[in-house]
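These notes are about the structure you will find just below.
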Amino acid sequence: MGGAWRRFSRERTALVGLGAIGLILFGVIFGPLLSPYSPIAIDHSIIGYPQAPSAAHCLGTDLYGRDALTRALLGGRVSIAIGFTAMVVAIVFGTIYGAISGTAGGVVDAVMMRIVDALFSFPAFFLIITVEALLNRFALVIIVLILGFLSWMSVARLVRAEVLSLKRRDFVEAARAIGVSPARLVLRHLIPNALAPVIVTATFSIGDNILAEAGLSYLGLGVQPPMPSWGNMLQDALLPAVRSAPWLVVTPGLLIVVTLVAFALMGEGLRAAVDVTAT
């Protein structure tokens, strides 16, 4: 563990990414609580007239008189929560699936991997739109589950490859020799030793999920108003009535870019940290 941290700390860009993520998380968690403005309450005195950045509203207001900074921070909380939770769904399901496939081997492994290949061929974004249209619901739970269950396949492949390598190791053969059950072998010996590359994948997956949620919300198929997310804030900012208010586009757009870059930088650092050949 100490060696992994030393390798990670040598990656300056990774530390920059980690610091940026820390600042973003602090802002989205505590910012809406400290703000004097409601993120959803409409100010009827200025409705229809977005206010430019000022001392009272440092990032201006939107078309409905709501403070843009407060909404951006709460929207970030929603977007990052969806990205993180969908990642957990994908990692848990993909890890278990890949471990079972790699441990079973033979025909079972071949069939399970062909299922993964078939699912990879589905156009994920259009499948999300189809599922939500059929359900006629846009609840956060549905968005999380859809994003999670459409991104587990790469995790399953990664874990399977690790398990195929690990199950030939001496400690696994010794566990089999003393009568360790297959379930215990997978849960106590194989999965824990296959998690290092999965952690790296999880970091990148959060950014991918944030971007997917932003795209869905921008199209009106994700988080629904008045609850803000970075995606539906971009949608609101492109209404004809607010095209003269560029700050409404810049704020959520810049936050999305910075967050994605920060997770990518941290992911690259983690990749170097878990690579035992890195020195």
Side-chain angles (χ1 to χ4, degrees), residues 24 28 32 38-42 50 62-64 66 68-94 116 118-155 201-202 204-243 245-261 263-264:
I24 292 168
V28 301
S38 168
I40 59 175
I42 296 175
D62 66 5
L63 185 64
Y64 303 98
R66 299 172 298 199
L69 176 59
T70 304
R71 285 182 61 77
L73 293 174
L74 182 59
R77 183 192 297 178
V78 173
S79 295
I80 293 174
I82 289 175
F84 180 83
T85 311
M87 176 273 294
V88 171
V89 172
I91 293 300
V92 170
F93 189 79
V116 169
L119 290 175
F120 264 121
S121 67
F122 280 88
F125 200 76
F126 292 104
L127 185 60
I128 292 171
I129 294 174
T130 302
V131 171
E132 290 197 337
L134 291 174
L135 294 175
N136 197 27
R137 293 184 62 192
F138 304 99
L140 295 184
V141 173
I142 293 175
I143 297 172
V144 166
L145 291 177
I146 291 174
L147 291 177
F149 282 112
L150 286 176
S151 57
W152 61 268
M153 292 84 74
S154 58
V155 178
T201 301
F204 290 107
S205 176
I206 295 174
D208 293 340
N209 291 332
I210 291 173
L211 188 59
E213 179 278 321
L216 287 172
S217 297
Y218 177 78
L219 295 174
L221 297 170
V223 179
Q224 298 297 297
M227 177 64 71
S229 80
W230 288 337
N232 66 26
M233 287 182 68
L234 280 174
Q235 181 193 48
D236 291 343
L238 293 179
L239 292 172
V242 293
R243 286 180 180 171
W247 58 88
L248 296 178
V249 178
V250 170
T251 301
L254 187 60
L255 285 171
I256 291 173
V257 171
V258 170
T259 303
L260 296 184
V261 170
F263 275 108

Review point. Where is the tightest heavy-atom contact between Ile143 and Val223, given as atom of each residue plus distance?
Key: CD1-N, 3.8 Å

Point to revise | Donor-acceptor under 3.5 Å (Asp236 side chain, Pro228 main chain) | key: no

Practice item. Identify the two heavy atoms, one from Pro32 and one from Leu74, that lie closest to each other, and give their separation to 0.1 Å. Key: CG-N, 3.7 Å

Study note, to complete from the structure: dist Asn209:CG -> Met87:CE (nearest 0.5 Å) comes out at 8.5 Å

Review point. About how many Å separate CD of Gln235 and CG of Leu216, when rounded to the nearest 0.5 Å?
Key: 11.5 Å

Review point. Which pairs with one or both residues in residues 212-223 pass side chain to side chain donor-acceptor pair (under 3.5 Å), sequence neighbours excluded?
Key: Ser79-Glu213, Glu213-Ser217, Glu213-Ser229, Ser217-Ser229

Check your understanding: Residues two or more places apart in sequence or in another chain: which of them pass side chain to side chain contact (heavy atoms under 4.5 Å, CB included) with Ile80?
Key -> Ile24, Leu25, Val28, Ile210, Trp230

Check your understanding: How far apart are the closest heavy atoms of Leu260 and Gly207, and which atoms are they?
Key -> CD2-O, 3.0 Å

Check your understanding: How about Leu69 and Thr251: do any of their side-chain heavy atoms sit closer than 4.5 Å?
Key -> no

**Study point:** Those residues that, when tested against Thr85, pass side chain to side chain contact (heavy atoms under 4.5 Å, CB included) (two or more places apart)
**Key:** Val144

Point to revise | Closest heavy-atom pair and its distance - Gly148, Ala90 | key: O-CB, 3.4 Å

Check your understanding: Arg66 side chain to Ile42 main-chain N or O, any donor-acceptor pair under 3.5 Å?
Key -> no

Check your understanding: Can you find a heavy atom in the side chain of Ser205 that is under 4.5 Å from one in the side chain of Phe263?
Key -> no

Exercise for review: State the CG-OG distance between Asp208 and Ser151, to the nearest 0.5 angstrom.
Suggested key: 8.0 Å

**Study point:** Any residue meeting ring-ring contact (aromatic ring centres under 6.0 Å, His included) with Trp152, in chain and number order, not counting sequence neighbours
**Key:** Phe93, Tyr97

Review point. For Phe204, which residues count as a ring-ring contact (aromatic ring centres under 6.0 Å, His included) partner, sequence neighbours excluded?
Key: none

Study note, to complete from the structure: In this structure, CD1 of Ile146 is separated from CD1 of Ile82 (nearest 0.5 Å) by 11.5 Å

Point to revise | From CG (Leu211) to CG (Leu147), nearest 0.5 Å | key: 10.5 Å

**Study point:** Under the side chain to side chain donor-acceptor pair (under 3.5 Å) test, residues paired with Thr259 that sit two or more places apart
**Key:** none

Review point. Does some side-chain heavy atom of Leu234 sit less than 4.5 Å from a side-chain heavy atom of Ile256?
Key: yes

**Study point:** Gap between atom CZ of Arg71 and atom CG of Leu248 - 0.5 Å precision
**Key:** 10.0 Å

